[in-house]
Peer 1: 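Below: one structure in structure tokens.
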Amino acid sequence: MPNAINMSFIANNYPEHITGSVGGFTMGLGIFGGAVGVAAGSTALHITGIYNVSIIIVVVVAVVGAIAGFGIKPPKIFK
């Protein structure tokens, strides 16, 4: 879901000749982060046997992502 928002930010704020590279890099990081998240959630479920810890992991990551999102600013070098 956030990939469309990320790609539109990149397309609006970076020059055309690097938009694909920057977009591909962010998509790759997202895929890696998603795989790590699934592994962490399934490990927490396996260890505890209940979904509470897995849900807490998702909430913590969402809060960290929201806080990081407030710090995103267009790069001044490309204006």
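The analysis underlying the following values was restricted to heavy atoms, covering all of them including side chains, and did not include hydrogens, waters or symmetry mates.
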Peer 1: Out of curiosity, does I72 fall in the hydrophobic cluster containing I67 (side-chain heavy atoms, cut-off under 4.5 Å, transitive links)?
Peer 2: no
Peer 1: Using the rule that Ile, Leu, Val, Met, Phe, Trp and Tyr join whenever any side-chain heavy atoms are under 4.5 Å apart, tell me whether L29 and I5 fall into a single cluster.
Peer 2: no
Peer 1: Roughly how far, to the nearest 0.5 Å, is the CE atom of M27 from the CD1 atom of I10?
Peer 2: 9.0 Å
Peer 1: Once you round to the nearest 0.5 Å, how far does CZ of F25 lie from CD1 of I18?
Peer 2: 12.5 Å
Peer 1: Is I50 atom CD1 crowded by more than 12 heavy atoms from other residues, nucleotides or ligands, each under 6.0 Å away?
Peer 2: yes
Peer 1: Is there a side-chain contact between V53 and L45 in this structure, where contact means two heavy atoms from C-beta onward sitting under 4.5 Å apart?
Peer 2: no
Peer 1: Show the nearest heavy-atom pair for residues T19 and Y14, with the distance to one decimal.
Peer 2: OG1-O, 3.5 Å
Peer 1: Which heavy atom in S54 sits nearest to a heavy atom in G41, and how many Å separate them?
Peer 2: OG-O, 2.9 Å
Peer 1: What's the separation between atom OH in Y51 and atom CD1 in I57, rounded to the nearest 0.5 Å?
Peer 2: 13.5 Å
